[in-house]
Asker: 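Input: one structure, supplied below.
Note: hydrogens, waters and symmetry copies are ignored here, and every other heavy atom, side chains too, is used. Numbers here are sequence positions counted from 1.
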Amino acid sequence: MKIAVIGQSLFGQEVYKELRKEGHTIVGVFTIPDKDGKADPLATEAEKDGVPVFKFPRWRLKGKAIPEVVKQYGAVGAELNVMPFCSQFIPMEVIDCPKHGSIIYHPSILPRHRGASAINWTLIHGDKKAGFTVFWADDGLDTGPILLQRECDVEPDDTVNTIYKRFLFSEGIKGTVEAVKLIAAGKAPKIPQTEEGATYEAIQKKENAKIDWNQSAEALHNWIRGNDKVPGAWAEVDGQRVTFYGSTLVDNGATASGQPLEIPGASRPGLVTKGGLVLFGNDGKTLLVKNVQFEDGKMIAAAQYFRSGDSAAVELNEEEKAFAEAMRAVWRSILTNVEEIVDSTDFFKSGAASMDVVRLVEEVKLRASELQLQNEDVYMATSFQEFIQMCVRKLRGEDGEEELVVDYVERNVNNMTIRMPHQLFINGEFVDAEGGKTYKSINPTDGQPICDVSLAQVADVDRAVAAAKEAFEEGEWGKMNPRDRGRLIYRLADLMEQHQEELATIEAIDSGAVYTLALKTHVGMSIQTFRYFAGWCDKIQGTTIPINQARPNRNLTFTKREPIGVCAIVIPWNYPLMMLAWKTAACLAAGNTVVLKPAQVTPLTAVKFAELTARAGFPKGVVNILPGAGSLVGQRLSDHPDVRKLGFTGSTEIGKHIMKSCAVSNVKKVSLELGGKSPLIIFSDCDMDKAVRMGMSSVFFNKGENCIAAGRLFVEEPIHDQFVQRVVEEVKKMKIGDPLDRSTDHGPQNHKAHLDKLVEYCQAGVKEGARLICGGKHIDRPGFFFDPAVFTDVTDSMFIAKEESFGPVMIISKFQAGDVDAVLKRANATEYGLASGVFTRDISKALYVSDKLQAGTVFVNTYNKTDVASPFGGFKQSGFGKDLGQEALNEYLKTKAVTIEY
């Protein structure tokens, strides 16, 4: 068809583009005149395509059509007028001129909310449904026959912007184009509008958006969000007009602590809290306002109301100065009527409008993709200097919408000052445990307390799970674009990298890890893990499936991969941060929220991690960290009905108990990485130097506190004695001492109970007749130091041949030369199957052995070679489910099948 598009804005532009794609001929575009030298987006698009563009300031004069305007319109020969968004009064001479008449898009479910502020009034009236209507234009105000309607649910905290972006914009474009298709096909209905339930409200302007405080909290919430962003609900506060934005209904506002703010006419003073401004309805219920704007146009976070002028200027580094100059050029290109952009240049007072805000945000993304700027950020930093300072703070991770309050424990250690949070982290805040309960975290190097740590109770678990559930079901996280979720995780990884020396130092003093290893592996691999899974966020996808058709109809079946919901994660003490990363990164990448319990003896890097998630901008409730006892916190997480998945790394005994609890409670999904007794087979044709070096690593890496440690070495008889001799020589060279000393090879064991268990383990081996070549005793010095042990002459029936030490104890058994199948039978004679290894130069033998070994990971001529892209997990009683690699995502996703008949 030949179509005239009459309207304006991005909406009009997108409708125009889609109509052209459908093959229609746009014979003319009629839009508003340029403003401040800038053409409307619809005009810009049409001019680019060479379509005639008309910019009439008006169509009528004194109630009558302007003949010259009508004549120019008539000359284009339109068969249909499409009016996607039109702020001008179009005369009936134009409306009725085309063969098919005129259709108009209106953002409400007519006949409700006729008039210019339909979206505002949909929210103000508290409608449960919103939507749009495409109707045939007549001489009334939004009264013409209905052609097409679509509706959506109104969410509790929707604003004009959110409902427009989520539904009215995208679906409205599709609906308008669909209406044109129906007209072209001769199938467009004309359904008369009923007057029953019809409403008409005047255009919403600033002067009539003043808040009437004598209403319920819900009515106040609807008024504020219905006027957000334009024109903005306001009230007189402290002698000036203050406008309120970002309203949500809250249940616990009355109990919030904060500074009172007197508001004339309100039933009681508001409360300026860390979360924002709490307001009270006349029913005693509460709402929370996120931002406020003053008469001079300055917008601030409501939580900063009494500190709006306290922010100190940030000194820029060279890279940030270059960014500032790039943005100065962007401002200059937008504010064409301003000769020079100086620090005091105000974006809006210099002529910028809402479309310029969109452009500025997009320009920033092009120059700093890691900077997550929102439109409202521009309104809160209107001068050039404020804008640059705000951007830089965001880039540095110092921009929290609310100030993150952290009660640090500071220690001067390792030539730096480390700052350690020590409280629970629930719903974006560091808080004390119920009843103020604490315990001491001990430094294994000297056995002395590092600090008191909050000890979570059952009530704390319930609060954390409730926060995680709300964040998943109602919060920003659950609605976030996967690519934006990935950007947050990338940003978290960057912050971890910036703090890697501090994290490694905390790991060393809290777990006894050698600092150099902590830097490279504990922290380094954690950073790699988050970066790896950040890249997966926007690549999680389902499949289409051909199914039998139910003739004469046809079917489309596809699957969707969806996040599970609230996930609990319980991690061990051997790699405190890395075990957190292995599970949490995949969990978050899949879109879940998490409640994590670190090991009670090593909580400090987990709560430091919590701080970094907040500084990275993760929404409240997405990550919650609960130091505490497994018997209390872990048990409650296993039993909790709102937890839908539990990931656990630890002992087989506890894993079985967790699995049972998860089944009985709500059949929650479980993944388990449990005990191991990993066999390493060394054949006589191996590279001896490499076998000795990697054999040492297989047992003594990370002080033997390694889930995949080689629990038993089988050495072929011809090289057995030589191998033992060389290993003992290497063990005796190991430097045991302070983990912060860069020359230390072997630090203290993690905690006193584990040290005692290792001593007992070695005593049991000697008692059964195994030969202790070296070590096996507590070293007489402060701290939990153990002398690495080497056992030989170990037979298959011995306790140390079957049970895991989880420490620096090498168990060596010999096997007869050439008897491959016999040694495989011995290696597989265990209920565990986490890892295994083989050393040989014979590739055929290596492949045969790797095929026969019953373990989730097989290392050939190497050991401990894990990578973030390779799946990790065990067989048999070493558990099930995978960490790392693409397969790890499956542990935190559910599959939904959808079948459509058409």
Asker: Please round to the nearest 0.5 Å and tell me the distance separating atom SG of Cys774 and atom NZ of Lys732.
Answerer: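 Nearest 0.5 Å value for the SG-NZ distance: 6.5 Å.
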
Asker: Going through the distances and angles, do Met798 and Ile811 end up as a side-chain contact (heavy atoms from CB on, under 4.5 Å)?
Answerer: CA-CA 11 Å; Met798 290 180 178; Ile811 309 296; over 6 Å; no

Asker: Are the side chain of Arg644 and the backbone N or O of Lys668 linked by a donor-acceptor pair below 3.5 Å?
Answerer: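 Absent.
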
Asker: Just to verify, what does Glu611 make a side-chain hydrogen bond (donor to acceptor under 3.5 Å, both in side chains) with, not counting sequence neighbours?
Answerer: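 Once residues adjacent in sequence are excluded, the partners of Glu611 under the side-chain hydrogen bond (donor to acceptor under 3.5 Å, both in side chains) criterion are Tyr408, Lys608, Arg615.
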
Asker: Please name all residues satisfying salt bridge (charged side-chain N to carboxylate O under 4.0 Å, His left out) with Asp689, sequence neighbours left out, ordered by chain then number.
Answerer: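 Salt bridge (charged side-chain N to carboxylate O under 4.0 Å, His left out) list for Asp689, sorted by chain: Arg726.
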
Asker: Could you pull out all residues at least two apart from Ser698 that satisfy side-chain hydrogen bond (donor to acceptor under 3.5 Å, both in side chains)?
Answerer: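 Here no residue qualifies.
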
Asker: Would Asn414 and Thr505 count as having a side-chain donor-acceptor pair, cut-off 3.5 Å?
Answerer: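 Present: a donor and an acceptor within the cut-off.
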
Asker: Would you please say whether a donor-acceptor pair under 3.5 Å links the side chains of Asn443 and Thr445?
Answerer: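 Looking only at side-chain atoms, Thr445 and Asn443 do form a donor-acceptor pair, the distance falling under 3.5 Å.
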
Asker: Is there a donor-acceptor contact under 3.5 Å from the side chain of Ser870 to the main chain of Thr866?
Answerer: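 Absent.
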
Asker: Indicate yes or no for a side-chain donor-acceptor contact from Asp793 to the backbone of Ser813 under 3.5 Å, with no hydrogens or angles considered.
Answerer: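 No.
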
Asker: Would you check if there is a donor-acceptor pair between the side chains of Asp510 and Ser441 at a distance under 3.5 Å?
Answerer: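 The criterion, which ignores hydrogens and geometry beyond distance, is satisfied for Asp510 and Ser441.
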
Asker: As a quick check of understanding, evaluate side-chain contact (heavy atoms from CB on, under 4.5 Å) for Asp452 and Lys440, giving each step before the final call.
Answerer: CA-CA 4 Å; Asp452 288 335; Lys440 296 187 184 300; 2.9 Å; yes

Asker: Checking Tyr832 now: which residues fulfil ring-ring contact (aromatic ring centres under 6.0 Å, His included) with it, not counting sequence neighbours?
Answerer: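 Not a single residue meets the ring-ring contact (aromatic ring centres under 6.0 Å, His included) criterion with Tyr832.
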
Asker: Mind checking whether Leu853 and Ile681 have side chains closer than 4.5 Å, heavy atoms only?
Answerer: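 Heavy-atom side-chain distance check passes, below 4.5 Å.
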
Asker: Determine yes or no for a side-chain-to-main-chain donor-acceptor pair under 3.5 angstrom, with Asn890 supplying the side chain and Lys882 the backbone.
Answerer: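 No, Asn890 side chain to Lys882 backbone: no donor-acceptor pair under 3.5 Å.
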
Asker: Please check: side-chain N/O of His754 versus main-chain N/O of Phe806, any donor-acceptor pairing under 3.5 Å?
Answerer: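 Checking the backbone N and O of Phe806 against the side chain of His754, a donor-acceptor pair under 3.5 Å is found.
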
Asker: When you compare the side chain of Thr830 with that of Pro679, does any pair of heavy atoms fall below 4.5 Å?
Answerer: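 No, too far: nothing below the 4.5 Å cut-off.
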
Asker: Please tell me whether Lys735 and Ser743 have a donor and an acceptor in their side chains that are separated by less than 3.5 angstrom.
Answerer: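 Checked: Lys735/Ser743 side chains pair up, N/O donor to acceptor below 3.5 Å.
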
Asker: Is there a donor-acceptor contact under 3.5 Å from the side chain of Glu507 to the main chain of Leu577?
Answerer: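 Checked: pair present.
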
Asker: Answer yes or no: are there more than 12 heavy-atom neighbours, outside Lys845 itself, under 6.0 Å from its atom NZ?
Answerer: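 Counting neighbours around NZ of Lys845, more than 12 heavy atoms of other residues, nucleotides or ligands fall under 6.0 Å, so yes.
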
Asker: Donor-acceptor pair, Tyr439 side chain versus Gln600 backbone, under 3.5 Å?
Answerer: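 Present.
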
Asker: Name all residues meeting the ring-ring contact (aromatic ring centres under 6.0 Å, His included) criterion together with His499; count only those two or more places apart in sequence or in a different chain, and write none if there are none.
Answerer: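 By the ring-ring contact (aromatic ring centres under 6.0 Å, His included) rule, His499 matches no residue at all.
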
Asker: Flag the pair Leu596 / Val623 as yes when at least one side-chain heavy-atom distance between them is below 4.5 Å, and no otherwise.
Answerer: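 No, their side chains stay 4.5 Å or more apart.
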
Asker: Tell me, do Gln877 and Leu674 make a side-chain contact under 4.5 Å, heavy atoms counted?
Answerer: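 The answer is no, as the side chains (C-beta and beyond) never meet within the 4.5 Å cut-off.
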
Asker: Please identify which of these residues, Val838, Val692, Ile719, meets the side-chain contact (heavy atoms from CB on, under 4.5 Å) condition with Ile682.
Answerer: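 Only match with Ile682 under side-chain contact (heavy atoms from CB on, under 4.5 Å): Ile719.
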
Asker: Anything under 3.5 Å between a donor and an acceptor, one on a side chain of residues 700-711, the other on a protein residue two or more places apart or in another chain? List them.
Answerer:
unit_1: Asn702; atom_1: OD1; unit_2: His522; atom_2: NE2; d: 3.0
unit_1: Asn702; atom_1: ND2; unit_2: Asn574; atom_2: O; d: 3.2
unit_1: Asn702; atom_1: ND2; unit_2: Glu705; atom_2: O; d: 2.9
unit_1: Lys703; atom_1: NZ; unit_2: Ser511; atom_2: O; d: 2.8
unit_1: Lys703; atom_1: NZ; unit_2: Glu705; atom_2: OE1; d: 3.0
unit_1: Lys703; atom_1: NZ; unit_2: Pro748; atom_2: O; d: 2.9
unit_1: Glu705; atom_1: OE2; unit_2: Gln749; atom_2: NE2; d: 2.8
unit_1: Glu705; atom_1: OE2; unit_2: Asn750; atom_2: N; d: 2.8
unit_1: Asn706; atom_1: OD1; unit_2: Tyr575; atom_2: OH; d: 3.2
unit_1: Asn706; atom_1: ND2; unit_2: Asn864; atom_2: OD1; d: 3.0

Asker: Please report whether the ring centroid of Phe609 lies less than 6.0 Å from that of Phe530.
Answerer: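 Yes, the ring centres sit under 6.0 Å apart.
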
Asker: With sequence neighbours excluded, what pairs up with His720 under the ring-ring contact (aromatic ring centres under 6.0 Å, His included) test?
Answerer: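 In terms of ring-ring contact (aromatic ring centres under 6.0 Å, His included), with neighbours along the sequence ignored, His720 is linked to no residue.
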
Asker: Is the shortest distance from a Lys or Arg side-chain nitrogen in Lys752 or Asp756 to a carboxylate oxygen in the other one below 4.0 Å?
Answerer: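 Between Asp756 and Lys752 there is a salt bridge, with a charged N closer than 4.0 Å to a carboxylate O.
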
Asker: Taking side-chain hydrogen bond (donor to acceptor under 3.5 Å, both in side chains) as the test, write out the residues that go with Asn624, two or more places apart.
Answerer: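 Partners of Asn624 under the side-chain hydrogen bond (donor to acceptor under 3.5 Å, both in side chains) test: none.
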
Asker: Would you check if Ile450 and Val409 make a side-chain contact, meaning some heavy-atom pair closer than 4.5 Å?
Answerer: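 In short, these two side chains do not touch, never coming nearer than 4.5 Å.
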
Asker: Report the residues that fulfil salt bridge (charged side-chain N to carboxylate O under 4.0 Å, His left out) with Arg771, sequence neighbours left out, ordered by chain and then residue number.
Answerer: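 Expected list: none.
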
Asker: Does the Arg411 side chain pair with the main chain of Met420, one donor and one acceptor, at a distance under 3.5 Å?
Answerer: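 Not a single qualifying donor-acceptor pair exists.
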
Asker: Can Asp796 and Arg712 be counted as an ion pair, charged N to O under 4.0 angstrom?
Answerer: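 Looking at Asp796 and Arg712, the cut-off is met.
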
Asker: May I have the step-by-step check of side-chain contact (heavy atoms from CB on, under 4.5 Å) for Val413 and Ile418, ending in yes or no?
Answerer: CA-CA 7 Å; Val413 60; Ile418 57 173; 3.6 Å; yes

Asker: Let me confirm one number: the CD1-NZ distance from Ile571 to Lys583, rounded to the nearest 0.5 Å.
Answerer: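 Between atom CD1 of Ile571 and atom NZ of Lys583 there are 9.5 Å.
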
Asker: How many angstroms lie between CD1 in Ile736 and CD1 in Ile779, if you round to the nearest 0.5 Å?
Answerer: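 With rounding to 0.5 Å, CD1 (Ile736) is 4.0 Å from CD1 (Ile779).
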
Asker: Counting distance only, does the side-chain N/O of Ser671 pair as donor-acceptor with the main-chain N or O of Glu891 below 3.5 Å?
Answerer: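 Judged by distance alone, no pair lies under 3.5 Å.
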
Asker: Tell me, with the steps shown, if Tyr515 and Asp738 meet side-chain contact (heavy atoms from CB on, under 4.5 Å).
Answerer: CA-CA 9 Å; Tyr515 174 75; Asp738 183 354; over 6 Å; no

Asker: Under a 4.0 Å N-O cut-off, is there an ion pair linking Glu730 with Lys733?
Answerer: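 Yes.
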
Asker: Distance-only, no hydrogens or angles: does the Thr438 side chain make a donor-acceptor pair with backbone N or O of Leu455 under 3.5 Å?
Answerer: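 No; judged by distance alone, with no hydrogens or angles, the pair does not exist.
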
Asker: Working to the nearest 0.5 angstrom, can you tell me the gap between Thr652 OG1 and Lys656 NZ?
Answerer: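 Thr652 atom OG1 to Lys656 atom NZ measures 7.0 Å (nearest 0.5 Å).
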
Asker: Should the heavy atoms of other residues, nucleotides or ligands under 6.0 Å from CD of Glu768 be counted, would the total exceed 12?
Answerer: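 Counting neighbours around CD of Glu768, more than 12 heavy atoms of other residues, nucleotides or ligands fall under 6.0 Å, so yes.
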
Asker: Tell me, which pairs form a salt bridge (charged side-chain N to carboxylate O under 4.0 Å, His left out) where one or both residues lie in residues 521-537, sequence neighbours left out?
Answerer: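 The answer is Asp494-Arg531, Glu497-Arg531.
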
Asker: According to side-chain hydrogen bond (donor to acceptor under 3.5 Å, both in side chains), who are the partners of Thr792, at least two apart in sequence or on a separate chain?
Answerer: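 Here no residue qualifies.
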
Asker: Taking atom NZ of Lys777 as the centre, does the number of heavy atoms from other residues, nucleotides or ligands within less than 6.0 Å exceed 12?
Answerer: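 Not buried by this count: 12 neighbours or fewer within 6.0 Å.
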
Asker: Quick one: NZ on Lys802 to OG on Ser797, what's the gap to the nearest 0.5 Å?
Answerer: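 Rounded to the nearest 0.5 Å, the NZ-OG separation comes out at 6.5 Å.
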
Asker: Counting C-beta onward and ignoring hydrogens, is there a side-chain heavy-atom pair between Phe786 and Val809 closer than 4.5 Å?
Answerer: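 Side chain of Phe786 against side chain of Val809, heavy atoms only: contact under 4.5 Å found.
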
Asker: Could you tell me which residues satisfy side-chain contact (heavy atoms from CB on, under 4.5 Å) with Thr857, sequence neighbours excluded, listed by chain and number?
Answerer: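 Applying side-chain contact (heavy atoms from CB on, under 4.5 Å) to Thr857 gives Ala835, Phe859, Phe872.
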
